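Numbers restart at 1 for each chain; the letters A, B, ... are given by sequence-line order, proteins then strands. These numbers come from a predicted model, not from an experiment.
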Amino acid sequence: MTNQAGANVTDAAKLTQKKCHKVTFAVPMEIPSQYAPRQVEQRWYQTWLKHKAFASTPDHRPAYTIVIPPPNVTGVLHMGHMLNNTIQDVLVRRARMRGFNACWVPGTDHASIATEAKVVQKLRAEGVKKSDLSRDAFLEHAWEWTHKHGGIILEQLKELGASCDWDRTAFTMDEVRSDSVYQVFADLHAKGHIYRGLRMVHWDPEAKTSLSDEEVIHKDINATLYYVKYEVVENPGTYLTVATSRPETIMGDVAVAINPKDVRYNALHGMHVRVPIGGREVPIILDDYVTTDFGTGCLKVTPAHDWNDYAIGQKHGLEVLDVLNEDGTLSAHGLKYAGMERFAARTKVAEDLKASGHLAKTEEYASTVGTSERTGAVVEPRLSLQWWVRMPELAKPALDAVMSDEIQLIPEKFKNTYRHWMENVKDWCISRQLWWGHRIPAYFYGPGEHDYVVALSAEEALEKARAASGRADLTAADLQQDPDCLDTWFSSWLWPLSVFDGIRNPENPEIQYYYPTQDLVTAPEILFFWVARMAMAGYEYAGKRPFERVYLTGIVRDKLGRKMSKSLGNSPDPIQLMDTYGADGVRMGMLLTSPAGNDLPFDELLCEQGRNFTNKVWNALRLLKGWKVSDDAPADEAAEWAVTWFRALLDAELSELQRDFDRYALSEALMRLYKLTWNSFCAWYLELVKPAYGQPISVGVYRATVDFFDTLMAALHPFMPFLTEEVWHLLSERAETDFLDFATYPTSGGTAYDPTTFAIMEEHVVALRTFRAEKNIAFKSPLTADAATKPAAWPAIAKLTNTQWGDAEGGLPLRAGTFELRVQVAAEDIDVEAEIAKAQKEIEYYSGFKRSVEAKLSNEKFVAGAPAAVVDAERKKLADAESKIEIAQKLISQLAG
RNA sequence: GGGCGCAUAGCUCAGCUGGUUCAGAGCAUCUGCCUUACAAGCAGAGGGUCCGCGGUUCGAAUCCGUGUGCGCCCA
């Protein structure tokens with residue numbers, strides 16, 4: 001059927017293209033030779049949605065629940081989401097197929113600081129300042145922004161194939177979730193877990209808000225250390241030198257501290273120094289905290305601008321002089337620098353100190369600086385009145401749960417980190433000076449720090465305020481609600497409970513059925529932000545763990561090992577990737593290389609590998625669909641052999657697959673299926689059962705083949721939902737709604753598999769193929785071979801190598817593993833010298849090997865000390881080596897003779 | 001500075017409690033192929049002081065010590 005025109009076209013193409021596509025002709029049916037994923041994917045996802053394939057309601061089956069780590073509502077899908085959600089989908093789909101009532105709850109997070117920052121930025125671009133707007137007006141803009149950009153990411157997740165129950169989509173600021181937040185705030189406050197306190201906090205001068213410890217990212221920097229001279233008041237003309245990295249805070253100095261044991265400064269005890277700018281006199285104080293070997297051993301004490309200085313200040317009863325405004329410019333205490341931006345002020349102060357002769361020297365040193373996770377601004381320590389959650393008591397059960405594996409971390413190595421953090425947990429600053437978020441439900445009725453009530457509504461607040469103040473004449477106008485918002489994590493920590501309305505209605509059937517959830521899939525970066533706190537909330541509000549296991553993914557990095565980020569521009573666009581490789585291809589690309597907890601060095605090549613695999617599967621389908629099935633097809637021993645072999649192999653691999661999943665080794669599970677499908681099924685099995693050209697295939701073999709293919713598709717479905725669904729429906733007549741998700745996940749029957757039969761067959765085939773290649777004998781011309789004993793798998797060997805069993809007297813000895821064949825070959829096809837040289841090399845190698853084994857076996861201690869099985873194995877090695885040497889020697893004598 | 005972890009083929013990684021799963025996989029590379037499912041393919045091949053050093057043992061990639069390099073968390 002070779003089409004002459006077609007052949008000409010390819011030849012021509014070959015001249016211009018490095019890799020040319022074959023021109024297809026006479027395709028048995030209308031299935032294209034290349035799989036086109038995008039149409040298939042869209043079609044199936046719509047069908048799934050139409051039939052609510054992923055919807056879940058409580059029933060008699062056991063529940064399997066995952067709550068999505070809610071992405072930022074206005075965000076777009078990035079590679080981290082791709083990884084994270086692919087993993088969740090694999091777990092959920094597999095659970096569904098295993099008979100669980102699988103429920104994957106989607107949703108989004110209002111992302112207080114990030115969203116507010118974006119809205120502020122957008123308004124600024126339009127010439128509107130946040131400070132010019134009322135709270136309500138600003139919130140209107142924020143909601144508008146949220147509605148405009150909100151939910152895009154969820155649509156993108158659908159492209160990925162995420163099998164979420166979309167009817168359950170939740171938002172951290174919708175009614176149920178908001179009510180839950182307020183209720184929890186009120187409850188924790190009533191229990192005394194929430195309090196107000198004046199403390200040092202991390203301050204983001206760009207967002208003008210406080211941050212929690214976890215929202216601060218420490219970065220290594222090269223800092224400059226300034227050596228500044230302070231004149232000793234009691235001894236004019238003499239100076240004490242202080243090393244500081246922050247000269248702009250000098251105006252806030254209230255003391256200079258030295259270590260009492262530092263003998264260099266004994267003479268200065270009890271004296272004072274003059275601050276070089278402003279000229280205030282401050283005492284020299286003694287404190288053990290000061291290290292004698294850093295800088296000069298003298299520390300300027302600026303309680304308003306350093307955590308340690310604040311502690312020293314407290315201890316010594318020193319004043320707090322705040323030289324900075326909330327936006328990071330210098331305040332009135334900054335004297336003539338007032339109004340300057342902090343870093344500009346640093347440079348200017350240093351210049352002025354130098355000019356006045358107070359700057360002794362500067363030196364570079366490696367230091368770290370805290371930056372805001374969301375805005376990137378260098379954070380300032382700032383003394384302010386904030387709301388706090390007392391942690392130790394809440395943390396205790398959450399710590400114990402992980403230590404006892406009631407909540408299992410995967411991989412386990414994160415347990416140590418978790419414990420370390422939980423044992424040193426500090427109180428959680430939950431107030432943010434932002435408008436976008438849950439407004440703190442505290443209402444002030446008087447000027448006092450404690451003149452407030454916590455209430456769930458303005459009416460309730462008024463009632464409580466009247467009672468608290470004893471003033472029945474209070475009106476709503478007398479109440480001032482706290483202007484601050486709650487930390488975003490104060491709503492996300494309730495997520496596994498709140499998505500089932502478990503805070504407001506703890507007895508409702510949904511929370512009873514779905515909670516605790518089974519798996520949580522998230523990044524280790526938010527282990528403390530989120531995971532630990534969900535555990536705390538879970539025990540506090542449900543008395544139970546929120547999840548059984550936490551699967552921690554790694555960070556997606558580029559080839560250079562850099563974290564993928566928008567600012568670096570090194571992150572591929574996931575949608576574009578899916579357009580190029582198909583969602584299944586990309587899913588596979590993400591999973592091929594990501595063991596739990598390991599970073600994922602992303603390479604598009606992996607997606608290509610995934611895409612190629614989908615195409616491979618697709619073409620296996622084409623092959624099957626092209627076969628004619630017949631009741632009276634000629635008997636095919638090779639095919640029969642293959643069916644028996646593959647059935648056993650498949651069963652054994654399914655058992656290993658189960659073990660991979662049990663260990664949450666998803667990449668290994670996928671790789672196992674990849675090899676099983678491509679190598680075992682396509683490369684060996686299908687070649688063995690493939691009927692001769694134009695011949696039909698027997699019904700029995702065909703049915704077995706379809707059955708195997710079905711099983712592989714089912715096993716692969718969690719990883720590649722679209723392709724497998726498509727193939728599953730094309731393999732056999734099936735109703736549209738007969739989704740693979742509702743099929744049973746294949747399991748092993750537990751039969752033992754002995755790999756030696758196949759291995760012997762493979763060794764013979766490889767030997768004969770190599771033989772052909774070396775002698776340049778075309779596949780079409782049959783070989784004739786024999787051996788001392790005919791291998792059991794001979795029909796298979798014969799079919800794959802086009803070799804006949806027959807008298808090969810005088811043929812060339814051919815070693816296949818530890819077996820020996822004789823292959824008839826024309827004398828002119830033999831390169832005698834080369835054959836002898838090859839054989840001699842082999843003798844040399846195996847003689848050396850034999851000596852080493854003999855040495856081992858003659859070692860009495862080894863024979864006495866090692867278990868019998870090991871000794872036997874060594875003896876077998878020896879025998880094998882001897883037989884190989886023998887074959888080679890025989891070959892030489894034959895050729896030479 | 002305190003804590004945790006890692007180092008195996010060019011790359012990404014498997015190798016459980018020491019011994020035939022012991023030096024492996026996938027990708028990449030090389031060679032030959034448009035063979036009637038698939039060139040997004042087929043067949044074959046090469047490639048490693050298991051980071052260095054020392055120890056325990058009949059036997060170490062695997063256990064112990066130490067050095068080096070890298071990563072993460074906390075201060």
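U12(B) and C51(B) have their P atoms separated by 15 Å, given to the nearest Å. Atom name P, nucleotides A61(B) and G52(B): the rounded distance is 11 Å, in whole Å. C74(B) sits 39 Å from C27(B) when the P atoms are compared, rounded to a whole Å. Nucleotides G47(B) and A37(B) are separated by 32 Å at their C1' atoms, to the nearest Å. U8(B) and C50(B) are spaced 11 Å apart, taking the P atom of each and rounding to whole Å.
With rounding to whole Å, Arg772(A) atom CZ is found 12 Å from A43(B) atom C1'. Atoms CZ (Phe862(A)) and C1' (A60(B)) sit 14 Å apart, rounded to a whole Å. The interatomic distance linking Glu525(A) (CD) with C73(B) (C1') rounds to 12 Å, in whole Å. The distance between atom CG of Leu768(A) and atom P of A43(B), rounded to the nearest whole Å, is 15 Å. Rounded to an integer number of Å, the gap from Glu608(A) CD to C27(B) C1' is 11 Å. Between Met422(A) atom CE and C74(B) atom C1' the separation is 15 Å, expressed in whole Å. Spacing between atom CG of Leu591(A) and atom C1' of C27(B) amounts to 16 Å, rounded to whole angstrom units. Met403(A) has its CE atom 12 Å from the C1' atom of C4(B), to the nearest Å.
Taking the O4'-C1'-N9-C4 or O4'-C1'-N1-C2 dihedral as appropriate, U29(B) has a value more than 90° from 0 and is therefore anti. Anti is the classification of U68(B), since its glycosidic angle lies more than 90° from 0.
Look at Asn612(A) and you'll find a side-chain N or O under 4.0 angstrom from OP1 or OP2 of G41(B). The phosphate of C72(B) has neither OP1 nor OP2 within less than 4.0 Å of any side-chain N or O from Lys413(A).
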Practice prompt. Would you give a per-nucleotide map of nucleotides 10-16 of chain B, 5' to 3', where B means the base has a protein non-hydrogen atom under 4.0 Å away, S means only the sugar-phosphate does, and - means neither?
Written response: --SSSS-

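By the 4.5 Å heavy-atom criterion applied to side chains, Glu687(A) and Leu800(A) are counted as neighbours.
As judged by a 4.0 angstrom heavy-atom cut-off over every strand, Glu687(A) is placed among the base-contacting residues. Among the heavy atoms of the strands lying under 4.0 Å from Lys690(A) is at least one base atom, whether or not backbone atoms are also near. Within the nucleic acid shown, Ala620(A) comes within 4.0 Å of at least one base atom, counting heavy atoms only. Using a 4.0 Å heavy-atom distance criterion, Arg611(A) is classed as a base contact. Residue contacts shown for Lys426(A) are limited to sugar-phosphate atoms, with no base heavy atom under 4.0 Å away. Contact annotation for Tyr674(A): backbone-only contact, meaning every heavy-atom pair under 4.0 Å involves sugar-phosphate atoms and none involves a base. In this structure, Trp678(A) reaches the sugar-phosphate backbone alone: every heavy-atom distance under 4.0 Å involves primed, P, OP1 or OP2 atoms, never a base. Within 4.0 Å (heavy atoms only), Val871(A) reaches no atom of the nucleic acid at all.
For G24(B), the paired base is C13(B) (Watson-Crick or G-U wobble, both distances below 3.5 Å). Across all strands shown, G1(B) forms a Watson-Crick or G-U wobble pair with C74(B), both key distances being under 3.5 Å. Within the shown strands, G52(B) is the pairing partner of U66(B) under the Watson-Crick or G-U definition, both distances less than 3.5 Å. The nucleotide A60(B) finds no pairing partner, because no Watson-Crick or G-U wobble arrangement with both distances shorter than 3.5 Å includes it. If you check C33(B) for Watson-Crick or wobble pairing at under 3.5 angstrom, you find it paired to G41(B).
Phe613(A) and Leu673(A) get closest at one heavy-atom pair: CZ-O, 4.4 Å.
Applying the 3.5 Å distance criterion, the base of A28(B) shares no donor-acceptor pair with the side chain of Gln609(A). If you check distances only, the side chain of Gln34(A) does reach the base of A40(B) with a donor-acceptor pair under 3.5 Å.
Judged by a 6.0 Å distance limit and a 45° cone about the ring axis, Arg769(A) is positioned over the six-membered ring of Trp684(A).
Between Trp627(A) and Tyr702(A), the two ring planes are perpendicular [angle over 60°; tilted spans 30° to 60°].
A salt bridge links Asp405(A) with Lys415(A): the distance from a Lys NZ or Arg NE/NH1/NH2 to an Asp or Glu carboxylate oxygen falls below 4.0 Å. The pair Arg611(A)-Asp584(A) does not meet the salt-bridge criterion, since no charged nitrogen lies less than 4.0 angstrom from a carboxylate oxygen.
When the shell of 6.0 Å around CZ of Arg663(A) is examined, it contains more than 12 heavy atoms from other residues, nucleotides or ligands.
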Worksheet item: Going through the distances and angles, do Phe646(A) and Phe681(A) end up as a ring pair (Phe, Tyr, Trp, His ring centres under 6.0 Å)?
Response: CA-CA 8 Å; Phe646(A) 193 76; Phe681(A) 185 66; 5.4 Å; yes

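Of the candidates G5(B), A75(B), G41(B), G5(B) carries the atom nearest the Asn416(A) side chain, counting heavy atoms from C-beta on. Taking the side chain of Val766(A) as heavy atoms from C-beta on, and the options A25(B), G44(B), A28(B), the nearest nucleotide is G44(B).
Looking only at atom types and distance, the side chain of Thr705(A) has a donor-acceptor partner in the side chain of Tyr685(A) under 3.5 Å away. The closest side-chain donor-acceptor pair between Glu604(A) and Tyr581(A) falls under 3.5 angstrom.
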